[in-house]
Amino acid sequence: IQLEKLDTNNRKRELVYKRFYMFAYLRKTYGYSLQRIGRLFSRNHATIIHGIKEYEYFKEDKLFQEITEEIRQDYPMGEIQSNDLMKYRDYL
């Protein structure tokens, strides 16, 4: 998260869309609580709820898909096998 600078207050569209994706990714893939995701991104739970709703709204949008393509490849939505957890542990 820090590596991608997603925990900053920057409002550039690129970072905002990536944040939305990661909020949904952590919630759906790992089942993280809203509070835990909020701590990772230095946000409150209401911001996480908003971001997940925005992800659901934008996920089929072409611009959203273009901007988040790289992060979606690095962090595919869904179940992660236990041997893959070690690969991602430094980022979560």
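Nothing fancy with the numbering, it's 1 onward along the sequence. These figures come from a predicted structure and were not determined experimentally. In what follows, every heavy atom counts, from backbone to side chain, and hydrogens, waters and symmetry copies are set aside.
Using cut-offs of 30° and 60° on the angle between ring planes, the pair Y25 and Y30 is perpendicular.
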| request: Please report the C-alpha distance between N9 and R43 in whole Å, then the side-chain angles of each, then the deciding distance to 0.1 Å, and finally whether the side chain to side chain contact (heavy atoms under 4.5 Å, CB included) criterion is met. | output: CA-CA 9 Å; N9 287 331; R43 305 282 192 287; 4.0 Å; yes
| request: Evaluate the side chain to side chain contact (heavy atoms under 4.5 Å, CB included) criterion for residues M22 and L6: first the C-alpha distance (whole Å), next the side-chain angles of each, then the deciding distance (0.1 Å), finally the verdict. | output: CA-CA 9 Å; M22 288 305 294; L6 298 179; 3.8 Å; yes
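Residues K59 and F20 have side chains not in contact (no heavy-atom distance under 4.5 Å, counting atoms from C-beta outward).
Evaluation of the side-chain hydrogen bond (donor to acceptor under 3.5 Å, both in side chains) test over residues 11-20, restricted to residues two or more places apart or in two chains, returns R13-Y17, E14-K18.
With rounding to the nearest 0.5 angstrom, the CZ atom of R27 is 6.0 Å from the CD1 atom of I37. Considering CG of L34 and CZ of F23, their distance stands at 10.5 Å, rounded to 0.5 Å.
Considering D7, I48, L26 as possible partners of L40, the one that fulfils the side chain to side chain contact (heavy atoms under 4.5 Å, CB included) test is L26.
In this view, R72 and T68 satisfy the side chain to side chain donor-acceptor pair (under 3.5 Å) rule, not counting sequence neighbours.
Note that R36 lies in the cation-pi zone of Y32, set by a 6.0 Å cut-off to the ring centre and a 45° limit from the axis.
Contact between A24 and Y55 at its shortest, heavy atoms only, is CB-CD2, 3.3 Å.
Surrounding CD of Q65 are more than 12 heavy atoms belonging to other residues, nucleotides or ligands, all under 6.0 Å away.
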